[in-house]
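Accompanying notes for the structure given below.
Here is how names work: the chains are called A, B, and so on, in the same order as the sequence lines, proteins then strands, and each is numbered from 1.
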Protein chains: 2
Amino acid sequence: MSTTPAPHLPEAVLRPVRGHHAFESCVEQLATAIRLGVYPRGTTLPAERELAERLQVSRATLREAMAALRQAGLVETTRGRGGGTVVTLKPGLPAARAAARTSTARRQSWLDSLDFRRIVEPGAAALAASRDLAPDRLAQLEEAHAEVASASKPAEHRQADSRFHLTVAALTDSPRTVEAVTSVQATLHEMLLAIPVLGTNIAHSDRQHARLVRAIVAGKPDLARRVMEEHCDDTAALLRGLVG
Amino acid sequence: MSTTPAPHLPEAVLRPVRGHHAFESCVEQLATAIRLGVYPRGTTLPAERELAERLQVSRATLREAMAALRQAGLVETTRGRGGGTVVTLKPGLPAARAAARTSTARRQSWLDSLDFRRIVEPGAAALAASRDLAPDRLAQLEEAHAEVASASKPAEHRQADSRFHLTVAALTDSPRTVEAVTSVQATLHEMLLAIPVLGTNIAHSDRQHARLVRAIVAGKPDLARRVMEEHCDDTAALLRGLVG
DNA sequence: AGGAAAAGGTATGAACTCAGACCAAAAACG
DNA sequence: CGTTTTTGGTCTGAGTTCATACCTTTTCCT
């Protein structure tokens with residue numbers, strides 16, 4: 001009477017429920033935002049009550065997360081009006097390297113991210129280019145690009161690059177797209193910190209960014225997608241060679 | 001000393017931590033899998049212990065979710081060896097319609113899903129077409145397509161259609177892609193249940209499915225992507241007109 | 001018939017999370 | 001200079017979730 005469904009779908013569809021330990025999710029999100037440069041060194045995070053509201057957790061839980069960030073040396077906190085929690089992390093080195101040898105599972109997840117990125121970021125670029133963007137939004141894009149091009153130290157360049165990609169995603173006005181790109185950039189950031197940086201790669205990458213900005217500003221979705229695809233392919237080739 | 005970051009990124013990047021109430025996430029995932037036809041009527045769900053393992057929750061929590069599904073009339077449970085939990089939901093009507101008028105937030109989320117889908121599903125189709133697929137995987141695809149084409153009642157067709165799209169996603173072997181498509185299909189399913197079905201649309205849709213299958217089997221990523229884009233655009237136009 | 005195995009059903013104590021109220025410090029404001 | 005306001009720090013009781021046992025029912029196999 002009871003049959004079994006074709007096995008390939010259930011296996012693929014059911015995924016672990018994440019978010020036990022709400023405070024871990026908070027730490028992960030905040031640490032990611034800080035490492036990707038959404039909150040650069042020296043900036044102040046939103047007040048605890050506001051952050052708790054945004055992340056939809058109780059302040060108690062958020063504070064645990066903050067304590068963890070503090071202990072990890074990512075932020076420092078001062079009390080009283082005008083106080084708050086300030087980012088102190090220097091962009092380069094820290095954390096993440098701890099798990100020295102990358103496990104097989106980790107590697108699988110990394111490679112998966114490269115595939116997913118190749119879908120999501122070009123799609124986001126095309127969607128952004130198809131939007132009718134107000135001048136101030138285009139200015140955000142140009143500024144993000146200028147920051148990447150002008151970054152001197154590799155670590156700063158890395159953060160500026162993440163910010164640039166997130167800015168492109170934000171131009172889509174699509175929350176789910178932004179979420180996907182954020183997630184992908186977090187993994188990518190992790191991978192890039194694990195390999196040496198090459199000046200040639202950075203220069204090459206910057207040229208692609210410039211082309212991408214032009215395509216988006218000109219409102220050419222197909223071109224924007226192709227440029228971003230090329231960009232993803234180049235990064236992926238580099239990473240697959242060095243971590244795969 | 002403490003500056004504030006450019007405002008557009010934090011706003012976009014920080015998203016609510018989901019998964020308070022682990023059992024709600026379980027209910028959502030299982031109900032979605034059942035409604036999308038991953039577990040069609042009459043099939044048996046995996047044993048509680050196995051499901052708990054898969055979803056990474058305790059059995060206690062999973063059982064609460066099962067109780068909810070049981071109470072909602074989606075499943076029935078029998079004890080003892082050979083027993084288990086069987087899907088009893090008839091594909092068509094139930095649930096979801098409760099929230100009659102769609103709130104503005106809901107509508108926003110729906111429109112966002114259409115944008116995100118237009119990125120993810122064509123990307124998944126292209127990736128699937130670029131894989132070197134074993135014959136049995138192609139057979140899964142052909143079978144899923146045959147099920148869509150041969151479904152007589154609209155409700156069954158709807159489930160078969162979801163299964164077809166999930167099968168395409170599964171061919172990518174990319175967990176994150178499958179997750180994205182699953183999520184998108186869940187929202188889409190909800191939307192499609194809220195509008196009347198038209199025979200012409202179904203026939204049109206089936207032709208696009210057929211073209212898609214040919215493109216994937218032939219290993220033509222660009223073609224597969226274009227076909228899927230067209231398919232998404234057509235559905236989106238229909239839905240935007242009827243729910244927007 | 002009689003066990004072994006597989007499935008759901010039950011129970012318990014520890015840990016986590018929540019909401020809300022309240023305290024303390026420090027800057028801004030009049 | 002003192003009051004107000006903003007911000008982090010603290011506490012508490014109720015509700016969830018977890019891990020880990022153990023029990024009951026039913027079927028399959030010898």
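Judged purely by distance below 3.5 Å, without hydrogens or angles, the side chains of A:Thr77 and A:Arg70 pair a donor atom with an acceptor atom. For the 3.5 Å distance criterion, the side chains of B:Glu147 and B:Gln159 fail to qualify, holding no donor opposite an acceptor.
Protein atom CD of A:Glu50 is 19 Å distant from nucleotide atom P of D:dT5, rounded to whole Å. Here the C1' atom of nucleotide D:dC18 and the CD atom of B:Glu53 are 14 Å apart, to the nearest Å. Regarding B:Leu62, its CG atom lies at a distance of 12 Å from the P atom of D:dT17, rounded to whole Å. At whole-Å resolution of the value, CG in A:Leu51 and P in D:dG9 are 13 Å apart. Following rounding to the nearest Å, A:Arg81 (CZ) and D:dT7 (P) show an atom-to-atom distance of 8 Å. Rounding to whole angstrom units, CD of residue B:Glu24 and P of D:dG15 are separated by 16 Å. D:dC18 atom C1' lies 12 Å from atom CD of B:Gln56, rounded to whole Å. Per the geometry, CD belonging to A:Glu76 stands 13 Å off P belonging to D:dG9, to the nearest Å.
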Show me the protein contacts with nucleotides 8-15 of chain C, counting only N or O atoms at under 3.5 Å.
from  : atom 1 : to      : atom 2 : distance (Å)
C:dG8 : OP2    : B:Glu48 : N      : 2.9
C:dG8 : N7     : B:Arg49 : NH1    : 3.0
C:dG8 : O6     : B:Arg49 : NH2    : 2.9
C:dG9 : OP2    : B:Arg63 : NH2    : 2.2
C:dG9 : O5'    : B:Arg63 : NH2    : 2.9
C:dG9 : O4'    : B:Arg79 : NH1    : 3.2
C:dG9 : N7     : B:Arg59 : NH2    : 3.3
C:dG9 : O6     : B:Arg59 : NH2    : 2.5

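Set against D:dT17, C:dA19, D:dT5, the side chain of A:Ser58 has C:dA19 as its closest nucleotide. Listed candidates were D:dT6, C:dC18, D:dC18. Nearest to the side chain of B:Val57 is D:dC18.
Of the residues listed (B:Val178, B:Thr177, B:Thr172), the one engaging A:Phe116 in a side chain to side chain contact (heavy atoms under 4.5 Å, CB included) is B:Thr177, and it is the only one. The side chain to side chain contact (heavy atoms under 4.5 Å, CB included) with B:Met191 is formed by just one residue from the set B:Thr235, B:Leu239, B:Leu111; it is B:Leu239.
A ring-centre distance under 6.0 Å is found for B:His165 and B:His209.
Proximity of B:Arg107 to B:Thr104: side-chain heavy atoms (C-beta onward) are nowhere separated by under 4.5 Å.
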